[in-house]
Amino acid sequence: MTLTDTRPLAAADTDLGYPSSNVAAIPELADHWKKLDLREILSRPAAFLSVSQSNSLYKPGGVQFAERHDLRGSLPATVKSVLAAREAANFVSFNWIGYTVFRQEYPQTDFDRVQYEAWTGGLDATEEQIAWDNELVGELRELVRPGDNEFYECALQTAFTGTGLPLELSRKRVQVLVITGIHTDWCIEGNARAARDHGYLPIVIGDATGCQKPEFEATAFQRINQFFAPVISSDTFVELLKG
């Protein structure tokens with residue numbers, strides 16, 4: 001994880017040559033997923049999970065802004081996916097899952113303590129700055145509706161431990177989880193793995209996610225797609241929901 005200071009970048013820093021989308025890195029579906037009817041699966045009771053899509057990653061001054069996800073396409077792909085899911089009657093649960101890098105108050109093992117300290121130990125941030133860094137980015141805040149769930153991960157890279165998510169999914173008899181967010185090879189992969197272990201059918205919207213660096217994404221997609229969950233594009237997701 002790359003940490004920055006809390007000063008906004010100058011306008012001249014905005015054109016850094018990042019790809020505007022990682023959709024080209026999404027692999028062909030693994031052969032075993034091709035045996036499935038994803039259109040039918042996406043008609044089953046479903047939940048939408050947006051993970052760690054905060055000011056920290058998308059807005060100047062964010063602790064993780066140097067990764068420049070604001071330029072890399074995951075946010076518009078997420079907006080497109082959320083809007084499509086809102087139109088599908090079978091999406092019965094929308095979950096906005098935060099991930100803070102400021103974890104001084106979290107329960108910690110010795111491993112957690114030294115790792116969390118490495119993330120933010122050198123930053124002199126106020127409570128107001130931390131609260132802003134953790135906030136759901138405005139483009140997604142506009143899409144939150146009454147009845148949606150908002151909470152933070154409590155464990156290293158999964159929303160299934162120490163949160164109300166398992167009970168939410170169980171009570172609403174959810175079968176399918178559609179996952180977006182940051183980082184592909186961390187919280188997204190971790191939640192896809194956990195979803196499988198809990199008996200759910202996770203689907204990752206690849207271009208609505210991103211790794212710390214673009215060059216990591218093809219490998220992350222390949223691993224997730226081969227072992228844990230189909231990885232598809234936001235355009236494919238929208239098309240599959242049309243029925």
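Quick caveat, the model's predicted, so the values are computed rather than measured.
In summary, the side chains of T100 and N134 do present a donor paired with an acceptor at a separation below 3.5 Å, with no hydrogens or angles considered. S50 and Q53 share a donor-acceptor pair across their side chains, judged by distance under 3.5 Å alone. Side-chain contact check for Q108 and Y116: no donor-acceptor pair (N or O, by modelled atom type) lies under 3.5 Å. N95 and N149 share a donor-acceptor pair across their side chains, judged by distance under 3.5 Å alone.
For the pair L123/V63, a side-chain contact is recorded, criterion being any heavy-atom separation below 4.5 Å from C-beta on. Side-chain contact between Y18 and P214 is present, with heavy atoms from C-beta onward closer than 4.5 Å. Side-chain contact between F91 and L241 is present, with heavy atoms from C-beta onward closer than 4.5 Å. Contact annotation: the side chain of I203 approaches that of V176 to within less than 4.5 Å [non-hydrogen atoms, C-beta and beyond]. With contacts defined as side-chain heavy-atom distances shorter than 4.5 Å, the pair R223/D185 qualifies. Under the 4.5 Å side-chain criterion, counting only non-hydrogen atoms from C-beta, T120 is not in contact with R103. Here the side chains of V144 and L136 are in contact, with some heavy-atom distance below 4.5 Å. Within the 4.5 Å cutoff, the side chain of Q115 has heavy atoms near those of the L156 side chain.
The only option from S234, S233, S21 that meets the side-chain hydrogen bond (donor to acceptor under 3.5 Å, both in side chains) definition with D207 turns out to be S234. Each of E67, Q64, E135 was compared with S56 under the side-chain hydrogen bond (donor to acceptor under 3.5 Å, both in side chains) criterion, and only Q64 meets it.
Under a 3.5 Å cut-off, the side chain of T184 and the backbone N or O of G210 do form a donor-acceptor pair. The main-chain N or O of E28 is found under 3.5 Å from a side-chain atom of N225 such that the two form a donor-acceptor pair. In this structure, the side chain of D112 engages the main chain of T109 through a donor-acceptor pair within 3.5 Å. Of the possible donor and acceptor atoms, one in the side chain of N191 sits under 3.5 Å from a partner among the backbone N and O of C187. For E217 (side chain) and C211 (main-chain N/O), a donor-acceptor pair under 3.5 Å exists by modelled atom type. In this structure, the side chain of S170 does not engage the main chain of P166 through any donor-acceptor pair within 3.5 Å.
Among residues two or more places apart in sequence or in another chain, the salt bridge (Lys or Arg N to Asp or Glu O under 4.0 Å) test is passed with R44 by E40. Residues passing the salt bridge (Lys or Arg N to Asp or Glu O under 4.0 Å) test with K35: none are found, sequence neighbours excluded. Residues meeting the salt bridge (Lys or Arg N to Asp or Glu O under 4.0 Å) test with D148, sequence neighbours left out: R86.
A salt bridge does not link K242 to E87: none of the charged side-chain nitrogens sits closer than 4.0 Å to a carboxylate oxygen. Between R68 and D70, at least one side-chain nitrogen of the basic residue sits less than 4.0 Å from a carboxylate oxygen of the acidic one, meeting the salt-bridge criterion. Looking at K80 and D235, a side-chain N of the basic residue comes within less than 4.0 Å of a carboxylate O on the acidic one, giving a salt bridge. A salt bridge links K172 with E168: the closest approach of a Lys/Arg side-chain nitrogen to an acidic carboxylate oxygen falls below 4.0 angstrom.
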task = Evaluate side-chain contact (heavy atoms from CB on, under 4.5 Å) for V204 paired with I232, printing each intermediate quantity in order.
result = CA-CA 6 Å; V204 172; I232 63 175; over 6 Å; no

message = Determine whether I182 and S74 satisfy the following criterion, side-chain contact (heavy atoms from CB on, under 4.5 Å), listing intermediate values before the conclusion.
response = CA-CA 9 Å; I182 311 295; S74 63; 3.8 Å; yes

Derivation of the side-chain contact (heavy atoms from CB on, under 4.5 Å) call for T209 and H183 = CA-CA 7 Å; T209 76; H183 294 86; over 6 Å; no

task = Just do the side-chain contact (heavy atoms from CB on, under 4.5 Å) check on K34 and D31 with the steps written out, would you?
result = CA-CA 5 Å; K34 293 178 182 178; D31 287 343; 3.6 Å; yes

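A parallel orientation is assigned to the rings of Y200 and H198, their planes being inclined by less than 30° (bins at 30° and 60°). Relative ring orientation between F48 and W96 is described as tilted, the plane-to-plane angle lying within the 30° to 60° band. Y58 and H69 have perpendicular rings, their planes meeting at more than 60° on a 0 to 90° scale where under 30° would count as parallel.
In this structure, R196 is not positioned above the aromatic face of F228 in the sense of NZ or CZ being under 6.0 Å from the six-membered ring centre and within 45° of the axis.
Taking hydrophobic clusters as Ile, Leu, Val, Met, Phe, Trp and Tyr residues chained together by side-chain heavy-atom distances below 4.5 Å, V82 shares a cluster with L240. Hydrophobic clustering (ILVMFWY, side-chain heavy atoms < 4.5 Å, transitive): W132 and I97 are in distinct clusters. Taking hydrophobic clusters as Ile, Leu, Val, Met, Phe, Trp and Tyr residues chained together by side-chain heavy-atom distances below 4.5 Å, F151 does not share a cluster with V101. Transitive grouping of hydrophobic side chains (ILVMFWY, heavy atoms separated by less than 4.5 Å) brings V178 and L83 into a common cluster. With hydrophobic clusters built from ILVMFWY side chains whose heavy atoms lie under 4.5 angstrom apart, F227 does not share a cluster with L36.
A84 approaches F237 most closely through the heavy-atom pair CB-CE2, 4.3 Å. Heavy-atom minimum distance, E139 versus K59: OE2-NZ, 3.0 Å. Here the closest heavy-atom approach between residue A47 and residue L169 is recorded as CB-CD2, 3.7 Å. Closest approach of G206 to F221, counting heavy atoms only: O-CZ, 3.2 Å. Across all their heavy atoms, A159 and L165 have their closest contact at O-CB, 3.7 Å.
Residue-environment remark: CG (D37) exceeds the threshold of 12 foreign heavy atoms within 6.0 Å. At most 12 non-hydrogen atoms from other residues, nucleotides or ligands lie less than 6.0 angstrom from CD of E127. Annotation: R39, atom CZ; neighbour count of heavy atoms from other residues, nucleotides and ligands within 6.0 Å is above 12.
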